[in-house]
Amino acid sequence: MDIALARTWVQAIAAAVDAQKDQLTQLDSAIGDADHGANMQRGFVAATAALAEQEPAGPGDVLVKTGSTLISSVGGASGPLYGSVFRAIGKTLAGAGAGSEPAADARRFADALSAGLESLQRLGAAAVGDKTMVDAYVPALEAFQQAAEGAGDGGKAGDFAAAARAAAEAAEEGMRATTPLQARKGRASYLGTRSVGHQDPGATSTALIFRALADVTAAVR
Amino acid sequence: MDIALARTWVQAIAAAVDAQKDQLTQLDSAIGDADHGANMQRGFVAATAALAEQEPAGPGDVLVKTGSTLISSVGGASGPLYGSVFRAIGKTLAGAGAGSEPAADARRFADALSAGLESLQRLGAAAVGDKTMVDAYVPALEAFQQAAEGAGDGGKAGDFAAAARAAAEAAEEGMRATTPLQARKGRASYLGTRSVGHQDPGATSTALIFRALADVTAAVR
Amino acid sequence: MKKLINSPETLLEDALAGMAAAHPGLRVNAGARVITRSSGKSPGKVAVISGGGSGHEPLHGGFVGLGMLDAACPGEVFTSPVPDQVLAAARAADTGAGVLLVVKNYTGDVLNFQVAAELAEDEGITVETVLVNDDVAVEDSTHTAGRRGTGATLFVEKIAGALAEQGADLATVAKTAREVNSASRSFAVALTSCTTPAAGRPGFELPEDEIEVGVGIHGEPGRRRERIRPAKEIVADALDAILTDQPLSADDETIVLVNGLGGTPLLELYVVYNEVATALADRGIRIARRLVGNYVTSLDMAGVSLTLCRADAAMLALWDAPVDTPALHWGG
Amino acid sequence: MKKLINSPETLLEDALAGMAAAHPGLRVNAGARVITRSSGKSPGKVAVISGGGSGHEPLHGGFVGLGMLDAACPGEVFTSPVPDQVLAAARAADTGAGVLLVVKNYTGDVLNFQVAAELAEDEGITVETVLVNDDVAVEDSTHTAGRRGTGATLFVEKIAGALAEQGADLATVAKTAREVNSASRSFAVALTSCTTPAAGRPGFELPEDEIEVGVGIHGEPGRRRERIRPAKEIVADALDAILTDQPLSADDETIVLVNGLGGTPLLELYVVYNEVATALADRGIRIARRLVGNYVTSLDMAGVSLTLCRADAAMLALWDAPVDTPALHWGG
Ligand SMILES: Nc1ncnc2c1ncn2[C@@H]1O[C@H](COP(=O)(O)OP(=O)(O)O)[C@@H](O)[C@H]1O
Ligand SMILES: Nc1ncnc2c1ncn2[C@@H]1O[C@H](COP(=O)(O)OP(=O)(O)O)[C@@H](O)[C@H]1O
Ligand SMILES: [Mg+2]
Ligand SMILES: [Mg+2]
Ligand SMILES: [Mg+2]
Ligand SMILES: [Mg+2]
């Protein structure tokens with residue numbers, strides 16, 4: 001991942017959020033407080049604006065800046081959570097693709113995603129099965145790691161686009177798998193058993209973030 | 001009209017109001033404040049209760065008591081208006097049917113109804129065409145007077161039941177005729193032209209009062 | 001219909017019991033349906049009394065207390081009190097200095113208070129009546145019932161109440177009350193109707209994108225129906241209606257009430273107030289004092305009324321005078 | 001969706017401008033979205049700060065003023081403020097004596113205030129945080145997000161605010177704030193959902209004869225759906241839920257909040273308070289103080305929340321201490 005790809009990724013997320021804002025809000029309306037679409041929209045509009053202003057040194061910079069902007073513009077649960085995820089990803093990529101350093105390959109990006117999850121769980125303390133963004137993130141990360149190691153599908157090791165595609169599919173599966181779950185974290189947990197039968201908005205936006213990664217890396221190839 | 005008839009009349013009004021309470025309220029809901037049914041109900045429940053308590057000296061007493069009770073239990077526009085109508089009717093009948101005095105005949109009752117109108121208009125200042133109870137009352141009074149004089153239908157002068165029947169029919173016609181009118185008095189006047197097309201609740205309860213009179217006098221005959 | 005009540009029949013009784021329990025400063029005579037100050041009468045003080053149908057809370061009971069009303073007599077929902085109630089309130093509040101009846105201009109209120117005033121006079125209580133008729137949405141004509149009384153009632157009660165508290169005599173209090181009414185104009189819009197417990201359903205149904213313009217405070221439809229527009233435009237039209245009826249000049253100082261009709265969030269009332277403040281500033285009209293909140297409501301109706309009072313220095317001083325009631329409290 | 005707004009995007013900005021114009025006692029920093037007292041800082045005083053999503057007005061901005069909050073930071077509707085905002089509030093209010101952050105227990109609020117607290121500490125501002133979690137409708141377990149913060153927030157802000165005003169140090173103010181939270185329990189029912197401007201339609205649809213039981217203040221559905229029943233029965237169940245969680249004895253004195261969720265007429269809140277007062281009297285529990293009104297709302301939601309705080313003499317004295325804010329005003 002180089003600067004251009006990092007930028008394009010954030011822009012692609014922004015576009016996807018813009019297109020699916022209402023769906024995210026309606027999902028949040030069923031088991032939350034009906035602001036997830038607006039929150040994501042506000043955050044990624046701010047993030048793209050912030051990126052347009054500065055000249056980042058590398059993809060790490062782009063993503064750290066994105067994370068910081070999310071933290072300072074979103075509010076809600078998703079703001080600090082996604083904010084720290086992007087900051088952790090960006091920090092792990094620090095140096096890569098900057099100056100004469102080579103861009104981050106799939107393995108390095110897998111480590112970055114892994115640092116993102118650590119940060120997400122450190123803050124939110126959610127595990128798989130709690131019906132949160134973690135339910136989409138964890139399978140996406142695993143699929144990405146596997147593909148990056150060349151273990152999946154017999155594909156060639158380190159194919160970034162293939163890894164991103166596998167991650168997007170896994171994230172979407174994880175997202176759909178939240179529907180039958182009873183929430184144990186976030187607002188949906190207040191509904192008790194009534195949270196069952198609804199897809200989690202945060203898992204949905206996580207899937208959208210991984211799908212955007214797959215899209216932009218596919219376009220690069 | 002004697003004591004028994006006066007009592008039966010009030011009870012018949014109470015029964016009719018009870019049956020048509022919701023209709024009166026819905027009419028008032030369209031062009032007023034949705035309380036006419038409740039107001040009439042409260043007033044006539046109180047009036048029958050008050051009559052059950054005292055031993056009135058004659059029909060005049062019964063109707064004065066009814067009027068006073070309406071005033072002190074209804075509130076709203078209809079309370080003082082109907083209250084003073086019944087008080088005026090009762091006062092005009094004073095003495096009639098009490099002790100050895102003969103019961104009021106149709107002519108005397110026509111005078112009483114006329115006093116009722118005077119009182120209604122003195123307080124409310126509404127004329128025919130203003131879309132109020134006056135629109136039902138005036139034709140009813142005229143029909144009653146005409147019948148009492150024997151001028152109507154070639155019927156025999158002084159037939160109380162026939163006069164009451166004619167009055168009820170005229171009241172109902174007057175009531176229906178309020179529909180196309182634009183209100184100039186009462187709450188409906190606030191709607192301007194939008195009051196057109198709705199039947200006036202007060203004209204409706206006035207028609208009901210005259211219909212009750214026709215019913216109880218018909219039963220007596 | 002869904003309401004937090006036990007039954008439509010017991011609503012008023014239950015609510016009065018709740019008011020009594022909630023406000024130690026109020027004394028509620030449940031039988032007579034009269035609310036007075038629990039501090040009792042102040043010898044020689046003119047009594048300011050108001051009442052009307054219930055469903056407009058905190059009006060009127062919430063305005064009983066030092067510096068405002070001496071007594072309130074709440075009728076059934078949207079039904080004026082009966083004369084006996086008003087008379088009981090006059091008896092409970094009169095100190096011998098006379099009573100001012102603050103009456104909103106509705107046929108029912110006018111008639112019932114008029115009967116009560118005659119009964120009170122018969123008992124030797126001196127009575128003055130001020131009719132509040134501030135709503136410019138209603139055409140004022142000698143052939144009609146005239147304008148409705150709405151938000152200006154609060155201004156009349158506050159300012160007349162303060163004057164009475166200072167020891168003014170009945171004629172003076174009544175005169176000022178009438179001046180406040182004459183100086184005040186209101187206009188309201190509704191986003192929904194309201195549901196009276198007796199009717200059990202809304203007075204009118206509005207499509208998802210329409211509002212009623214020029215409504216009163218009894219759930220009746222307004223003068224016309226319009227599409228919903230930005231708050232700025234709704235406010236501009238309401239102010240036009242008010243200022244056309246009573247032009248104000250740049251030297252005038254005003255008291256402004258942005259009043260929620262019961263079902264509108266405070267957040268939206270602040271948006272409305274912001275537009276009012278901006279629009280008046282543009283016209284060079286000064287807002288000397290203001291209130292933003294739910295004061296003269298119409299049960300659960302969503303909507304807002306604007307009231308402007310052109311206030312002279314004396315009125316402003318009386319507005320600022322201490323008030324200590326459940327719904328208004330400042331100074332002192 | 002019909003709302004008296006200009007656009008969902010400008011709602012907060014417009015409302016803050018309206019608050020600033022409406023309340024001379026408040027200073028509103030529109031850029032930073034921070035509300036402080038216009039009287040400025042009191043040297044050496046611990047600052048009490050709160051914030052959270054908007055849509056709960058008068059909470060929190062309406063509680064800024066003498067004897068209560070020093071600053072409030074309102075987020076977007078139902079969205080916690082961002083850390084920058086909280087930090088700006090801390091900077092604006094800190095006198096060097098430290099700040100108490102009053103945070104309602106929602107993941108978003110907790111995380112954003114936590115980040116802000118770290119940033120503030122980095123700047124040398126001493127920070128204590130009290131998490132309000134009073135809603136017994138939510139099961140409290142170590143595996144979940146825990147109980148929601150609702151009506152008790154008002155109690156914490158009032159009592160901690162009074163203590164800070166008297167000059168207590170940060171540790172003492174924080175300790176008392178936590179005690180008030182521990183002593184408080186809430187339960188709410190909704191008759192309708194609410195509509196956020198961003199969503200444009202109600203969070204849930206209720207049939208004409210059903211209510212949501214155990215709701216929060218963000219338009220989310222409750223724990224279960226029931227048929228509407230008389231107020232007496234609804235109150236009995238809510239009190240059962242509260243008193244099962246925190247049994248009270250006959251010696252206990254309580255502060256009671258009967259809080260409208262935004263779309264419920266005051267008349268109904270009095271009916272509810274009457275049932276609460278009667279039911280507690282039957283159990284021998286004394287109501288020492290009470291508030292009835294719309295204080296912690298959920299936009300236009302119709303419904304009510306009950307909050308009981310078991311209050312000792314010290315808490316009652318702090319409750320009675322003077323307060324001068326847009327939404328609460330008494331004493332001094
Ligand atoms: N503790 C947590 N850990 C991980 N994700 C969480 C946690 N709490 C909430 N979330 C996610 O946040 C999403 C809601 O985000 P959003 O609606 O923007 O914030 P809020 O709940 O504050 O309104 C949920 O759908 C869920 O996926
Ligand atoms: N000035 C008036 N003269 C005669 N009848 C009137 C007048 N004003 C109102 N009414 C009658 O009263 C009826 C309404 O009565 P009601 O609903 O009980 O009182 P309110 O209007 O005070 O709620 C109207 O339908 C109308 O017929
Ligand atoms: Mg949300
Ligand atoms: Mg009526
Ligand atoms: Mg009425
Ligand atoms: Mg939120």
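Numbers restart at 1 for each chain; the letters A, B, ... are given by sequence-line order, proteins then strands. Everything numeric here is computed off the predicted structure, so don't read it as measured data.
Most heavy-atom pairs under 4.5 Å with chain C, from the set D:I287, D:V256, D:V271: that is D:V271. Among C:A302, C:A20, C:S298, C:A21, the residue with the largest count of heavy-atom pairs under 4.5 Å with chain D is C:A21. Comparing C:L12, C:L299, C:V292 by how many heavy-atom pairs each has under 4.5 Å with chain D, the most go to C:L299. When D:D14, D:L4, D:L266 are compared by the number of non-hydrogen pairs under 4.5 Å with chain C, D:L4 comes out ahead. Of the listed residues D:K232, D:M1, D:K3, the one with more heavy-atom pairs under 4.5 angstrom with chain C than any other is D:K3. Heavy-atom pairs under 4.5 Å with chain C peak, among D:R229, D:E233, D:H23, at D:H23. Annotation: maximal heavy-atom pairing with chain C below 4.5 Å, among D:A17, D:C194, D:A22, D:G262, occurs at D:A22.
Counting only distance, with no hydrogens or angles, the side chain of D:S54 and the backbone of D:P74 share no donor-acceptor pair below 3.5 Å. Remark: the backbone N or O of D:I35 is not paired with any side-chain donor or acceptor of D:N29 at under 3.5 angstrom.
Closest non-hydrogen pair, D:E57 versus D:T297, comes out as O-OG1, 2.8 Å. Contact between D:E157 and D:S50 at its shortest, heavy atoms only, is OE2-OG, 2.9 Å.
Contact annotation for C:V304: both backbone and side-chain heavy atoms come within less than 4.5 Å of a heavy atom of chain D. Heavy atoms closer than 4.5 Å to chain D are found in the backbone of C:E210, but not in its side chain. Only the side chain of C:I234 has a heavy atom closer than 4.5 Å to any heavy atom of chain D. Residue contact with chain D, scored on non-hydrogen atoms closer than 4.5 Å, is absent for C:V276. Heavy-atom distances place the backbone of C:D209, and not its side chain, under 4.5 Å from chain D. Using a 4.5 Å cut-off between heavy atoms, C:I228 contacts chain D through its side chain alone, with no backbone atom that close. Of the two parts of C:L206, the backbone and the side chain both hold a non-hydrogen atom closer than 4.5 Å to a non-hydrogen atom of chain D.
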Inset, instruction - Step by step, work out the side chain to side chain contact (heavy atoms under 4.5 Å, CB included) result for C:L11 and C:V77. - result: CA-CA 9 Å; C:L11 167 55; C:V77 170; 3.8 Å; yes
Legend entry - Check against salt bridge (Lys or Arg N to Asp or Glu O under 4.0 Å), D:R33 and D:E76: CA-CA 10 Å; D:R33 294 196 171 165; D:E76 292 289 333; 2.9 Å; yes
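The aromatic rings of D:H329 and C:H329 lie tilted to each other, with the angle between the two planes from 30° to 60°. A tilted orientation is assigned to the rings of C:W330 and C:W319, their planes being inclined by 30° to 60°.
Between D:F78 and D:H56, the ring centre distance stays below 6.0 Å.
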